[in-house]
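Notes for the one structure printed next.
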Amino acid sequence: MPESVGPPNRPCMSQTAPIKHALPVLRQDDFAQWYQAVIAEAELAEESGVRGCMVIKPWGYGIWERIQKLMDERIKEAGVDNCYFPLFIPLSYFTREAAHVEGFAKEMAVVTHHRLIGDGKGGLIPDPEAKLEEPLIVRPTSETVIGAAMARWIQSWRDLPLLTNQWANVVRWEMRTRMFLRTSEFLWQEGHTAHADEADAMAETLRALEMYRSFAEDVLAMPVVAGPKPENERFPGAVETFSIEAMMQDGKALQAGTSHYLGTTFSEAAGIRYQDKEGQQTLCHTTSWGVSTRMIGGVIMVHGDDDGLRTPPRIAPQQIVILPMLRDNDGDAALLEYCAALRAKLAALSVFDEKVRVLLDKRPGKATAKRWGWVKKGVPLILEIGGRDAEGGQVSVLRRDRLWREDGKANFVGMAQDDFVGMAAGELEAIQQALFEEARARRDAQIVRDIDSVAGLEAYFAEDKQFPGWVELGWSRPTAAALDKVVEQLKALKLTIRNTPMDDVPVSGTCPFTGEPAVERILVARAY
RNA sequence: CGGGGAGUGGCGCAGUCUGGUAGCGCAUCUGCUUUGGGAGCAGAGGGUCGCAGGUUCGAAUCCUGUCUCCCCGACCA
């Protein structure tokens, strides 16, 4: 039995034969256009006609459903219960917390009327008679409305901790939108928890952060750096914000998940109090944490290549697609029978503690034409089965992460059906692992650690560098006005501070911004 | 929100300056041939030119407004 399907891909540049890639734009030529091409060609999503809002198509939504399922399992394992809160939040809820409303005021959609009326010219306008007494906000996030519920639900120390989550859509009226990365409406989960004290709330904040880190790496095959954000990057109303940061193939950072310790900010605003064991009324300490459809944008920019998406097997809606080479003749029936039997054998297998997801693509049309659609969608394994395969008990296998032979042809490998059935689960595991290793190696190679001056930063991020990565450096953690100055300096170079990696690497030297001794390390990068 | 670009069959585009029969490629459909790796030939169908007003005998084309998308910037916990 072969150990794996086909030799590994060579790097694109060293191909000896020209390759006819499936996408009209290559990454190295125009990364932004390439990103949009993947979304269109892989049929992940499309424009909706509504500003900043997208239609998520079956393959894209299928990936989201996979993310939802696997994340939901982890949330429930942590003892968090799902709830659902209203889409509309009364305006007055926001005015209770100044920092929070300050952060979101400019990007909120407001409902002011509850009825339409004819304008006399064949159109419709909001009925002036139907104006709402108090405007309703379409939720940009749900701290305020869930805080109000928590205030009702929590009376005693016995009610704590209160651990809730909701899967929902939220709306933020962003100035500039990008599919999946920043849409006006997006889908997410938001966890909201209340605790007796800071220690318990911080422990929950860090538990969620670690849940996101391991999810990104184990499920999305997307290496991330987890850590606290600097104070200028905090969520409005948060005492401490943590993030996971992933590196895209163009070297930019993407914040792929956040976890906030909110202190008593929202407890004070909403009156979330409990009677402690001594009989005292005490404010709760709350947290919130979320990941969104933005993660799909990250998957695209981490795993996509010049032939489309490479969907990590754990989140692929279909892991194996079987393409019968139909001839519109009498042989088709036997071929389909062979393929159906193969499908059943593969679907009975398990990988990653779930059944293998296999599709027999019986749609009319040539297998060779349908193949490229599945390549662009990033199905991990594609099987093309012809009449001779069926007669000889063979299969022809294409691994999405090893797509091309050196002669520029698709890297199909023929083998006995039984051999493939025996190795299919292992191949899916290997692809998942290979995608992660490739992304991690690329990221690690693009983090620079020997820059110790602002001039050095300037040189590293010079205009002629196509895809500069990240810089990790020690700094003195300035605050307030001193921090503002650093942020200004970085902004001139289009740079942002991502987070402080949570690892045990010691820090030394002096801060390039203040000249004072460095006290911690930060990641500096361009970001989405 | 500022600057720039763009909206014409499902997709990609030409036509707009200089108003006068709505075109091309891909895709689709039909037929024939071919086919173990992204087929060839022939024929056919499909568009109130983003939307709303205006000018005109006549508007894809000119004018006004508006919506949406792309790029750069600002903004974005």
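Letters go in sequence order (proteins before strands), and every chain restarts at 1.
The shortest distance between the side-chain N/O atoms of A:Q33 and the OP1/OP2 oxygens of B:C70 is not below 4.0 Å. The phosphate of B:C70 has neither OP1 nor OP2 within less than 4.0 Å of any side-chain N or O from A:R178. Here A:K409 does not reach the OP1 or OP2 of B:G36: none of its side-chain N or O atoms lies under 4.0 Å away. Within the 4.0 Å cut-off from OP1 or OP2 of B:A39, at least one side-chain nitrogen or oxygen of A:T368 is found.
Listed nucleotides B:C75, B:C72, B:G36 differ in distance to A:R388; the shortest reach to its side chain belongs to B:G36. Side-chain proximity of A:E174 to the nucleotides B:C70, B:G36, B:C76 is greatest for B:C76. The side chain of A:E107 sits closest to B:C76 out of B:C72, B:U35, B:C76. Closest to the side chain of A:R182, out of B:C76, B:C72, B:U68, is B:C76. Taking the side chain of A:M175 as heavy atoms from C-beta on, and the options B:G36, B:C69, B:C1, the nearest nucleotide is B:C1.
Across all strands shown, B:G12 is found opposite B:C24 as a Watson-Crick or G-U wobble partner, with both distances under 3.5 Å. Nucleotide B:A42: paired with B:U30 (Watson-Crick or G-U wobble, both distances less than 3.5 Å). Under the Watson-Crick or G-U wobble criterion, with both distances below 3.5 Å, B:C76 has no partner in any strand shown.
Using a 4.0 Å cut-off between a side-chain N of Lys or Arg and a carboxylate O of Asp or Glu, A:K229 and A:E245 qualify as a salt bridge. Ion pairing between a basic and an acidic side chain is recognised when a charged N comes within 4.0 Å of a carboxylate O; A:K485 and A:E488 show no such pairing. Salt-bridge annotation for A:R310 and A:D401: absent, with no side-chain N of the basic residue lying under 4.0 Å from a carboxylate O of the acidic one.
Between the side chain of A:Q249 and the backbone N or O of A:V302, at least one donor-acceptor pair lies under 3.5 Å.
Nucleotides B:G9 and B:G23 have their P atoms positioned 14 Å apart, rounded to a whole Å.
In this structure, A:L323 places its CG atom 17 Å from P of B:G36, rounding to the nearest Å. Atom CE of A:M179 is separated from atom P of B:C71 by 11 Å (rounded to the nearest Å). Look at CG on A:D250: it is 13 Å from P on B:C71, rounded to the nearest Å.
Using a 4.0 Å heavy-atom cutoff across all strands shown, A:R172 reaches no nucleic acid atom at all. Within 4.0 Å of A:K491, counting heavy atoms only, lie sugar-phosphate atoms of the nucleic acid but no base atom. Within the nucleic acid shown, A:G365 has no heavy atom closer than 4.0 Å to any nucleic acid atom. Within 4.0 Å (heavy atoms only), A:G49 reaches sugar-phosphate atoms of the nucleic acid but no base atom. A:K106 comes within contact range of no nucleotide atom at all, as no heavy-atom separation falls under 4.0 Å. Within 4.0 Å of A:K494, counting heavy atoms only, lie sugar-phosphate atoms of the nucleic acid but no base atom. Within 4.0 Å (heavy atoms only), A:G237 reaches no atom of the nucleic acid at all.
The CD1 atom of A:I39 sits 5.5 Å away from atom CZ of A:F180, with the distance rounded to the nearest 0.5 Å.
Toward the 5′ end of RNA chain B lies the nearest nucleotide of A:A410, the other residue of the pair A:A32 and A:A410 mapping further downstream. Along RNA chain B, the nucleotide nearest to A:R51 and the one nearest to A:D307 differ in position, and the one closer to the 5' end is contacted by A:D307.
Taking the six-membered ring for Trp and the full ring otherwise, A:F266 and A:H100 have centroids separated by under 6.0 Å.
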